[in-house]
Amino acid sequence: MTKDTLVRLTLRQPDDWHVHLRDGDALSTTVPDCARSFARAIVMPNLKPPVASLDAASQYRDRILAAVPDDVSFEPLMTLYLTPSLAIDAVREGRASGLIKGVKFYPQGATTNSDAGIAALDTVMPVLDAMADVGLPLLVHGEVTDRDIDIFDREAVFLERTLGPLMARLPELRVVLEHITTEDSVQFVQAHPAMGATITAHHLIYSRNDMLAGGIRPHLYCLPILKREKHRHALIEAATSGHPQFFLGTDSAPHAIGDKESDCGCAGCYTAPHALPLYVSVFDQVGRLDQFEAFASIHGPRFYGLPLNTNTISLEKRPMQIPESRPFGTKTVRLLGAGDTLEWSLA
Ligand code: NCD
Ligand code: ZN
């Protein structure tokens, strides 16, 4: 990474280790928006129906590739959705062929399109054993779904009730705790050196007051839900510390405006177009620009055992007003922080 003047930051091209590209005509927005910043992305499988077979993953990959603009190169890294009936052969063949880079565990009912997820991990232990055997990572949405657990506690309780016992039972399993939101998760990950964790830009920038104080802001509603300031500070420290277990995952999760501004609004923030300026502004604010490349471009590929990208991209310290919206199929999606001004822009 070079900082030739104070205003330009050139780094190895980043990857996004957690993104929702959706499907159908949404791909003509989501794929270019992701591919303009990221060389590769771990593509979440929570479509309807879920991506739960090698054929489905391969066909989804083809649809994504068809939407990549001619002037960029982009590699979608495919995942399988852990359903109660996911085949062990899909895990073994998916890993052997190189098509599949991870299996996503959604606790049933935890988030968008998680109905096909898992109610009790015991039922899928043979699949998890096979994943540990072949070294295929389990990508975890870390929240319990029990109605009696407060939504702000669901991540911390998940560590205690679900992830801790799983790691004790199957220590060889490679695990990424996705979109972590709490100090508890930072500490849990650091206590398990073989794990990885992704951190979103929105969890680095906003806390729950931003979403709820002085008016409810549905475009800040995502899962896991934004937490207190002390947790945001723990995430900033983890992301900017150079600690190799933490890496960039936007969890860019578009929903049409009407589905978010609704009586029962959907969870998810759309950040793909401006993710890098969002993240780099945070690193700049805490004086850790020198750690941005490690977080964005090095720790992820090291965890997944993939080569580092060799091309570079540049960001400039030049104010950028976040655009209001992007087309989303026949509808419209609003960008996170629409209308706000960021200190950094893509060069
Ligand atoms: C994601 C989505 O909309 O698919 N939503 C979100 O709030 N993050 C699902 C997820 O990652 O939880
Ligand atoms: Zn997600």
Side-chain angles (χ1 to χ4, degrees), residues 15-24 26-27 29-30 33-34 38 41-52 60 64 76-82 101-118 137-145 151-152 154-155 158 162 176-182 185 196-206 208 210-211 217-227 235 247-262 264-272 275 278 300 328-329 331 333-336:
D15 304 299
D16 184 351
W17 299 97
H18 182 130
V19 72
H20 300 268
L21 297 177
R22 311 304 191 204
D23 205 354
L27 294 175
T29 294
T30 59
D33 284 357
C34 181
F38 300 104
I42 287 275
V43 180
M44 288 296 131
N46 61 332
L47 304 182
K48 263 188 165 165
V51 181
Y60 185 31
I64 294 166
L77 306 173
M78 307 311 292
T79 61
L80 289 173
Y81 191 122
L82 182 60
K101 296 296 189 283
V103 174
K104 182 67 191 273
F105 162 36
Y106 290 105
Q108 192 176 60
T111 188
T112 307
N113 294 346
S114 61
D115 301 352
I118 301 299
L138 182 70
L139 316 182
V140 176
H141 183 106
E143 289 189 291
V144 294
T145 56
I151 188 167
F152 293 102
R154 288 181 177 190
E155 184 173 290
F158 180 88
T162 309
V176 183
L177 187 53
E178 300 290 341
H179 40 50
I180 61 170
T181 64
T182 56
S185 286
T198 52
I199 303 181
T200 76
H202 43 283
H203 290 104
L204 294 174
I205 295 172
Y206 298 106
R208 65 194 203 179
D210 297 304
M211 177 176 59
R217 294 184 186 76
H219 294 281
L220 292 183
Y221 175 60
C222 63
L223 288 169
I225 199 157
L226 297 171
K227 306 293 193 302
L235 299 176
F247 37 89
L248 186 160
T250 62
D251 193 19
S252 179
H255 293 274
I257 290 181
D259 293 334
K260 290 202 56 80
E261 297 173 8
S262 149
C264 184
C266 294
C269 301
Y270 192 52
T271 54
L278 287 168
F328 187 57
K331 299 181 179 163
V333 58
R334 188 171 164 90
L335 276 70
L336 181 84

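Each residue takes its place number in the sequence, starting with 1. Order of appearance sets the numbers: ligands from 1, and atoms from 1 within every ligand.
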Specify the closest pair of heavy atoms between L177 and G142, including all atoms of both residues, with the distance to one decimal.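 Scanning both residues completely, I find the closest heavy atoms to be CD1-CA, 4.0 Å.
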Any heavy atom of E143 sitting closer than 4.0 Å to ligand 1? no
Report yes or no: does E178 have a heavy atom closer than 4.0 Å to ligand 1? no
Please report the C-alpha distance between N46 and K104 in whole Å, then the side-chain angles of each, then the deciding distance to 0.1 Å, and finally whether the side chain to side chain contact (heavy atoms under 4.5 Å, CB included) criterion is met. CA-CA 9 Å; N46 61 332; K104 182 67 191 273; over 6 Å; no
Using a 3.5 Å cut-off on N or O atoms only, is [X] in polar contact with ligand 1?
X    : value
K104 : no
Y106 : no
N46  : yes
G268 : yes

Tell me whether [X] has at least one N, O or S atom under 2.8 Å from the Zn ion (ligand 2).
X    : result
H179 : no
H18  : yes
E178 : no

Exactly one of H255, E261, K260, H202 should register a side-chain hydrogen bond (donor to acceptor under 3.5 Å, both in side chains) with H219. Which one does? E261
Under 3.5 Å, is there a donor-acceptor pair between the K227 and T182 side chains?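 Looking only at side-chain atoms, T182 and K227 do not form any donor-acceptor pair under 3.5 Å.
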Which residue and atom name correspond to the protein heavy atom nearest [atom], and how close is it?
atom                    : result
atom 12 (O) of ligand 1 : T111 OG1, 2.7 Å
atom 8 (N) of ligand 1  : D251 OD2, 2.7 Å
atom 7 (O) of ligand 1  : L223 N, 2.8 Å

For atom 5 (N) of ligand 1, which candidate among P224, A267, P254 holds the nearest heavy atom?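 Ranked by closest heavy atom to atom 5 (N) of ligand 1, first place is A267.
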Any atoms of ligand 1 less than 4.0 Å from a non-hydrogen atom of [X]? List them with their elements.
X    : value
C222 : 7 (O)
A253 : 1 (C), 2 (C), 3 (O), 5 (N)
H255 : 3 (O)

Side chain, backbone, both or neither: [X] near ligand 1, heavy atoms under 4.0 Å:
X    : value
H18  : side chain
M44  : neither
K260 : neither

For the Zn ion (ligand 2): the N/O/S atom of D251 at shortest distance: OD1
Given side chain to side chain contact (heavy atoms under 4.5 Å, CB included), test I180 with I199 step by step and report yes or no. CA-CA 6 Å; I180 61 170; I199 303 181; 3.8 Å; yes
